[in-house]
Amino acid sequence: MMNRTLPIVLLAVLGLSACGGVDPNSPLGKRQAIFKDLLRTGEELGGMLRGRLGFDARRFAAGAARLDELARQPWQHFPQVREAEGDSAARDAVWQRQERFRQLAGDLERSTASLVAATAVPPLEPKALAPSMQRVEDACKACHREFRAY
């Protein structure tokens with residue numbers, strides 16, 4: 001009985017994994033994972049600054065460093081030509097206006113670096129960090145307005 005069940009289970013798992021999923025090793029899969037991590041990290045930092053989460057200076061500084069690290073990663077996973085397949089939220093403009101896209105990516109990187117620099121000046125206070133975090137959020141929004149489809 002066990003020998004008959006295993007192939008059926010394996011086929012079901014393989015069939016389900018092929019449905020609507022993005023290959024996590026593809027450029028699209030890699031950048032989606034990075035963007036999701038960026039979002040989670042940014043939401044946590046924003047939550048601390050807006051009082052939705054308790055402010056923890058050490059956790060905030062570590063999160064800012066993580067955000068800065070992540071902000072430098074997704075761009076390498078945008079190939080020169082748009083992928084033929086996949087559920088990408090990127091507009092065609094990413095590939096048509098690459099210079100502008102790279103400029104906005106640089107704005108995000110500079111804003112996250114500035115946030116990290118702000119965490120190097122103790123004591124860390126939400127009011128003092130809020131403007132730097134706002135620049136990060138503004139950089140994200142600017143790129144989304146121009147280059148994100150939804």
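Just so you know, these numbers come straight off a predicted model, no measurement behind them. Position 1 is the first residue of the sequence; numbering continues from there.
Side-chain atoms of R135 and S132, non-hydrogen and from C-beta on, do get closer than 4.5 Å to each other. The side-chain heavy atoms of R82 and V94, taken from C-beta on, include no pair separated by under 4.5 Å.
Q98 places a side-chain N or O within 3.5 Å of a backbone atom of Q80 that can act as its donor or acceptor partner. No donor-acceptor pair under 3.5 Å is formed between the side chain of R100 and the backbone N or O of A93. Side-chain atoms of R148 do not come within 3.5 Å of backbone N or O of A90 as any donor-acceptor pair. Between the side chain of T112 and the backbone N or O of E109 there is at least one donor-acceptor pair closer than 3.5 Å.
Contact detail for T119 and A64: the closest heavy-atom pair is CG2-CB, 3.9 Å. The minimum heavy-atom distance between L70 and I34, with the atom names listed, is O-CG2, 3.7 Å. Nearest heavy atom pair, residue R31 against residue P74, reads CB-O, 4.1 Å. Taking both residues in full, the closest heavy atoms of A113 and R72 are given as CB-NH2, 3.5 Å, listed atom of the first, atom of the second, then distance. In plain terms, the two heavy atoms of L28 and S88 that are nearest each other are CD1-CB, 3.7 Å. Across every non-hydrogen atom of A120 and P122, the tightest pair is O-CD, 3.1 Å.
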Trace of the side-chain contact (heavy atoms from CB on, under 4.5 Å) decision for R97 with F147: CA-CA 9 Å; R97 298 175 43 224; F147 294 106; 4.2 Å; yes
Please assess L45 against L115 for the test side-chain contact (heavy atoms from CB on, under 4.5 Å), listing each intermediate value before the final yes or no. CA-CA 11 Å; L45 298 178; L115 180 63; 4.2 Å; yes
How far apart are the C-alpha atoms of W95 and F101, what are their side-chain angles, what is the distance that settles it, and do they pass the ring pair (Phe, Tyr, Trp, His ring centres under 6.0 Å) test? CA-CA 8 Å; W95 292 272; F101 182 66; 7.7 Å; no
Output, in order, the C-alpha distance, side-chain angles, deciding distance and verdict of side-chain contact (heavy atoms from CB on, under 4.5 Å) for Q134 and E137. CA-CA 5 Å; Q134 187 61 54; E137 292 170 350; 3.6 Å; yes
Let me see the working for D37 and R66 under side-chain contact (heavy atoms from CB on, under 4.5 Å), right down to the final yes or no. CA-CA 9 Å; D37 203 0; R66 177 72 177 146; 2.5 Å; yes
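Using a 4.0 Å cut-off between a side-chain N of Lys or Arg and a carboxylate O of Asp or Glu, R59 and E44 qualify as a salt bridge.
Here the straight-line distance linking atom NZ of K127 with atom CZ of F55 works out to 13.5 Å at 0.5 Å rounding. Here D138 contributes atom CG and L108 contributes atom CG; the two are 11.0 Å apart, rounded to the nearest 0.5 Å.
Note on L67: it does not cluster hydrophobically with V116, by side-chain heavy-atom contacts below 4.5 Å among ILVMFWY residues. L124 and M48 fall within a single hydrophobic cluster, where Ile, Leu, Val, Met, Phe, Trp and Tyr are joined by side-chain heavy atoms under 4.5 Å apart, directly or via other members.
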